[in-house]
Amino acid sequence: MAGRTLYDKLWDSHVVREEADGTALLYIDRHLVHEVTSPQAFEGLRLAGRTLWRPQANLATPDHNVPTTEREKGIVDPVSRLQVETLGQNCVEFGITEFGMDDPRQGIVHVIGPEQGATLPGMTVVCGDSHTSTHGAFAALAMGIGTSEVEHVLATQCLIQKKSKNMRITVDGVLAAGVTAKDIALAIIGKIGTAGGTGFTIEFAGSAIRDLSMEGRMTLCNMTIEAGARAGLVAVDDQTIEYVRGRPYSPDEKSWPQAVDYWQGLHTDMDAVFDSEILLQAEDIRPQVSWGTSPEMVVSIDDEVPDPQQEADAVKREGMISALKYMGLESGMAIRDIPLDKVFIGSCTNSRIEDIRAAAAVVSGHKVSGTVKLAMVVPGSGLVKAQAEKEGLDKIFIDAGFEWRDPGCSMCLAMNADRLEEGERCASTSNRNFEGRQGRGGRTHLVSPAVAAAAAIAGHFIDPIRLEN
Amino acid sequence: MKKFTLVDAIVAPMDRPNVDTDAIIPKQFLKSIKRSGFGPNLFDEWRYLDVGEPGKDNSKRPLNPDFVLNQERYQGAEILLTRKNFGCGSSREHAPWALEDYGFSVVIAPSFADIFFNNCFKNGILPIVLDEETVDDLFKAVHDNAGYKLVVNLQDQVIIMPDGKKITYDVDSFRKHCLLEGLDDIGLTLQHVEAIHQYEKNQSKTTPWLFADAEINDN
Ligand code: SF4
């Protein structure tokens with residue numbers, strides 16, 4: 001028998017039954033729930049008189065709508081408030097554990113899953129949120145689902161799925177100083193495009209991936225959805241096991257040795273064959289900055305805004321022209337010369353402790369540029385925030401002129417009060433630069449935490465390495 | 001879900017690639033806890049000149065005359081023709097809800113984003129993948145002929161053009177069956193309750209730590 005990929009193994013171990021045409025019933029070990037994509041699912045269950053298959057397999061938290069300031073005052077917007085309250089009521093009614101807005105463990109759902117050990121190697125993890133791919137960093141088969149599927153998982157603990165194809169992206173070599181997992185992710189999307197991974201599950205491999213921390217691997221897997229793939233994966237190694245050790249939902253001491261033994265098998269066999277292989281060299285990757293309205297519209301920080309006339313494909317060319325217009329940029333302009341109005345450090349891509357440390361290291365001893373209207377740091381969870389404060393990182397940001405906020409999705413998608421105004425330009429550590437994503441007419445440049453921090457200080461893009469010198 | 005029947009309707013062209021779900025239905029409308037009523041806010045930022053908010057009376061808002069769905073010739077369209085990677089980005093099912101609520105039941109494109117593609121089938125929308133060249137030809141035909149209509153037949157997996165020419169397309173047999181019959185996935189899965197219990201029982205031996213909190217049915 002030919003060897004199996006990590007994805008094959010995860011898939012095989014979760015198939016409950018399979019139809020002749022390959023449609024499978026896949027068992028789901030962990031379901032994460034947030035307020036935006038769940039109310040209609042709970043309502044559907046109520047209407048049909050259905051109950052939960054396994055309440056304990058679910059974990060919920062509000063994140064998209066929560067305010068990041070003056071939380072004790074509650075949510076001002078009545079529509080947002082109703083949605084968050086509805087989640088709370090549904091969790092009580094159906095017996096789901098929820099970290100509510102006042103819980104110190106509340107945070108972005110993709111940050112708290114791993115933080116709690118609710119995401120474990122070898123699991124299937126789903127959530128009504130496309131960035132569920134994040135959890136693939138733990139060699140868990142993790143993917144975003146729609147609300148009908150949320151309802152399906154709540155009622156049956158299963159998902160109806162067809163298997164995708166296998167892709168491996170290998171990044172070998174050593175990253176240069178100041179280059180991070182975010183830059184790898186953006187460089188990959190720049191290379192294969194936002195539809196490059198459609199129909200695939202992507203496994204990330206190679207020495208540069210092994211060298212990433214768990215936080216870095218989460219950043220990378222988080223962005224796989226931006227490359228079109230529903231799921232990204234990294235094989236288990238010692239780092240993975242050390243990360244999950246001792247977390248609230250991790251296996252107890254009794255099961256630990258058996259779990260570790262099982263997890264150590266979670267890697268691709270030597271003789272497994274992928275449907276597609278892509279190779280990148282770490283040394284070629286520079287800090288990345290997106291210039292357009294799709295994550296594939298990205299260049300390195302030393303480059304210039306590209307010229308649509310150089311693009312042969314007519315549909316792409318039109319897309320570039322309209323992106324430049326929306327972004328208010330001229331081709332040929334140096335990325336370094338782009339001035340910024342706001343800086344956002346946060347989101348499920350880059351709001352973990354390592355991200356905050358990386359940004360703080362750049363900011364330390366500097367002040368936010370007078371031309372930047374607002375620079376904010378939004379930790380991914382209450383626990384990340386507490387950890388950062390313990391390390392004194394909040395002071396570094398506050399002294400430099402940053403705002404230090406409460407955890408949530410915040411300006412990643414601007415469902416709460418944090419948003420860009422028409423025409424404002426933002427260096428953002430989030431994952432999507434779509435038109436209007438951070439506020440109608442707002443202009444988003446996707447970057448790493450280090451680049452965002454450096455941009456806040458300089459008022460324009462700059463390689464963080466240069467700032468430090 | 002209602003059964004998918006023969007569609008014989010006007011085609012509206014959306015001539016841009018990578019139309020994301022943020023564009024299909026902007027986030028402020030995601031605050032709703034209902035499943036319906038999203039149609040008037042479909043493509044909100046492109047469709048209106050002002051800023052849309054939940055609860056605003058959409059009939060009083062200034063329309064963007066340049067936006068395709070606001071043009072007279074595309075009124076009543078039920079088929080959306082678009083470019084590659086339609087529905088990328090956020091997993092929000094509000095996107096197909098908005099398309100369906102507006103009146104679309106078919107979307108034709110060279111490719112779709114995975115989650116969106118999946119979500120369509122759960123909401124009575126048929127996403128059809130055609131090759132780039134065919135899509136190009138259709139764009140041209142729609143552009144050149146006001147009131148251009150297509151007939152979409154799911155049973156026979158064929159699109160019939162006004163001149164009688166036929167385009168065949170692929171669709172997953174299980175999904176086709178569910179669409180045609182208007183079947184509810186949950187009901188289908190619950191026919192396999194025993195298999196799920198059996199799976200849990202087996203797995204709770206291999207990976208007991210994942211079932212530490214669960215009551216495993218032992219019969
Ligand atoms: S941080 Fe942004 S991308 Fe992540 S879950 Fe929240 S809204 Fe979605």
Side-chain angles (χ1 to χ4, degrees), chain A residues 16-17 19 21 23 25 27 29 36-37 39-40 43 48 50 54 56-57 65 79-80 82-83 86 120 122-123 128-130 144-149 151-152 155-158 160 162 194-195 198-199 228 230 251-252 255 258-259 262 294 315 318-319 322 413-415 432 434-437 440, chain B residues 15-18 20 22-23 26-28 30-35 45 51 54-55 83-85 88-94 96-97 111-116 118-119 122-123 172-175 184-190 192-193 195-196 198-200 203 206-210 212-215:
Chain A
V16 172
R17 65 188 303 280
E19 303 283 346
D21 72 347
T23 306
L25 201 57
Y27 192 81
D29 296 310
V36 180
T37 54
Q40 296 86 354
E43 186 61 20
R50 288 177 173 137
R54 204 180 135 193
Q56 302 304 326
N65 281 283
V79 194
S80 284
L82 177 65
Q83 196 167 55
T86 303
L120 292 171
M123 273 184 164
D129 194 285
S130 58
I145 56 177
T147 297
S148 297
E149 291 173 314
E151 186 178 335
H152 191 274
T156 69
Q157 209 55 46
C158 290
I160 298 173
K162 268 202 168 169
T194 48
T198 304
R230 247 178 144 176
D252 59 17
S255 323
Q258 190 190 357
Y262 181 85
S294 159
V315 176
E318 283 307 311
S322 82
L413 95 165
M415 256 181 101
R432 290 190 174 134
F434 301 155
E435 285 185 23
R437 170 80 179 181
R440 187 180 163 116
Chain B
D15 197 356
R16 51 196 291 169
N18 301 317
D20 57 79
D22 277 76
K27 66 247 163 188
Q28 61 269 38
L30 272 51
K31 294 178 185 178
S32 168
I33 55 170
K34 298 212 193 76
R35 206 177 185 120
E45 290 192 7
V51 180
R83 298 288 184 181
K84 79 166 180 56
N85 202 26
C88 61
S90 150
S91 62
R92 61 189 71 161
E93 199 160 317
H94 312 66
W97 293 340
S111 65
F112 292 89
D114 270 348
I115 303 177
F116 174 81
N118 220 20
N119 283 342
K122 318 263 180 208
N123 293 283
D172 181 275
S173 57
F174 174 72
R175 285 166 156 162
D184 161 21
D185 278 356
I186 298 179
L188 285 177
T189 298
L190 288 175
H192 305 298
V193 162
I196 306 172
Q198 191 55 46
Y199 173 89
E200 287 180 327
Q203 269 324 98
T206 328
T207 55
W209 60 93
L210 294 182
D213 49 55
E215 269 180 52

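Proteins come first, then strands; the chains are lettered A, B, ... in the order of their sequence lines, and each starts at number 1. These numbers were taken from a predicted model, which means no experiment stands behind them.
The residue among B/Asn119, B/Ile115, B/Asp172, B/Thr207 with the most heavy atom pairs within less than 4.5 Å of chain A is B/Ile115. When each of A/Thr198, A/Asp252, A/Ile160 is scored by its heavy-atom pairs under 4.5 Å with chain B, the top score falls to A/Ile160. Put simply, of B/Thr189, B/Asn18, B/Asp184, B/Asn123, the one with the most heavy-atom pairs under 4.5 Å next to chain A is B/Thr189. Comparing A/Glu435, A/Arg50, A/Met123 by heavy-atom pairs within less than 4.5 Å of chain B, the highest count is held by A/Arg50. Of the listed residues (A/Glu318, A/Lys162, A/His152, A/Glu149), the one with the most heavy-atom contacts under 4.5 Å to chain B is A/His152. In terms of heavy-atom pairs under 4.5 Å with chain B, the best-connected choice from A/Thr147, A/Thr156, A/Asp129, A/Leu413 is A/Thr147. Chain B forms more heavy-atom pairs under 4.5 Å with one residue of A/Ser148, A/Pro39, A/Ala195 than with any other, namely A/Ser148. Across A/Thr86, A/Thr37, A/Asp29, A/Thr194, the residue that shares the most heavy-atom pairs under 4.5 angstrom with chain B is A/Thr194.
Both the backbone and the side chain of A/Ser80 come within less than 4.5 Å of a heavy atom of chain B. For A/Gln258, the parts lying under 4.5 angstrom from a heavy atom of chain B are both the backbone and the side chain. With a 4.5 Å cut-off on non-hydrogen atoms, A/Ala414 touches chain B through its backbone and its side chain both. Contacts between B/Asp15 and chain A at a heavy-atom distance below 4.5 Å are absent for every atom of the residue. Both the backbone and the side chain of B/Ala195 come within contact range of chain A, judged by heavy atoms closer than 4.5 Å. If you measure heavy-atom distances from B/Ser90 to chain A, the contacts under 4.5 Å come from both the backbone and the side chain. Contact annotation for B/Asp185: both backbone and side-chain heavy atoms come within less than 4.5 Å of a heavy atom of chain A. The contact between A/Thr23 and chain B is made entirely by side chain atoms (from C-beta outward), counting heavy-atom distances below 4.5 Å. Contact annotation for B/Lys34: only backbone heavy atoms (N, CA, C, O) come within less than 4.5 Å of a heavy atom of chain A. Contacts of B/Phe112 with chain A are made by backbone atoms alone, with heavy-atom separations under 4.5 Å and no side-chain atom involved. Using a 4.5 Å cut-off between heavy atoms, A/Arg440 contacts chain B through both its backbone and its side chain. Interface remark: A/Ile145 contributes backbone atoms only to the contact with chain B (heavy atom separation under 4.5 Å). A/Leu25 touches chain B through its side chain: at least one heavy atom from C-beta onward sits under 4.5 Å away, while N, CA, C and O do not. Interface remark: A/Arg17 contributes side-chain atoms only to the contact with chain B (heavy atom separation under 4.5 Å).
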Handout entry: Verdict with supporting geometry, B/Asp22 and B/Arg92, salt bridge (charged side-chain N to carboxylate O under 4.0 Å, His left out)
Key = CA-CA 9 Å; B/Asp22 277 76; B/Arg92 61 189 71 161; 3.4 Å; yes
Practice task
Assess whether side chain to side chain contact (heavy atoms under 4.5 Å, CB included) is satisfied between B/Arg16 and B/Arg83, documenting all intermediate values.
Solution key: CA-CA 6 Å; B/Arg16 51 196 291 169; B/Arg83 298 288 184 181; 5.6 Å; no
Handout entry: side chain to side chain contact (heavy atoms under 4.5 Å, CB included) assessment of B/Glu93 paired with A/Gln40
Key = CA-CA 10 Å; B/Glu93 199 160 317; A/Gln40 296 86 354; over 6 Å; no
Exercise for the section: Test side chain to side chain contact (heavy atoms under 4.5 Å, CB included) on A/Arg432 and A/Ser130 and set out the steps. Expected result: CA-CA 12 Å; A/Arg432 290 190 174 134; A/Ser130 58; 2.8 Å; yes
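Of all heavy-atom pairs between A/Phe434 and B/Gly89, the closest is CE1-CA, 3.7 Å.
Contact annotation: the side chain of B/Cys88 approaches that of B/Asp20 to within less than 4.5 Å [non-hydrogen atoms, C-beta and beyond]. In this structure, the side chains of A/Glu43 and B/Arg35 stay at 4.5 Å or more apart for every pair of heavy atoms. Under the 4.5 Å side-chain criterion, counting only non-hydrogen atoms from C-beta, B/Phe116 is in contact with B/Pro96. Residues B/Glu200 and B/Leu210 form no side-chain contact, since every pair of their non-hydrogen atoms from C-beta on lies 4.5 Å or further apart. Between B/Pro26 and A/Met415 the shortest side-chain heavy-atom distance does not fall below 4.5 Å.
For the pair A/Arg54 (side chain) and A/Gln157 (backbone), a donor-acceptor distance under 3.5 Å is absent. With hydrogens and angles ignored, the 3.5 Å screen pairs a side-chain donor or acceptor of B/Lys27 with a backbone N or O of A/Arg437.
Scored by the ring-ring contact (aromatic ring centres under 6.0 Å, His included) test, B/Tyr199 finds A/Tyr27 as partners (sequence neighbours excluded).
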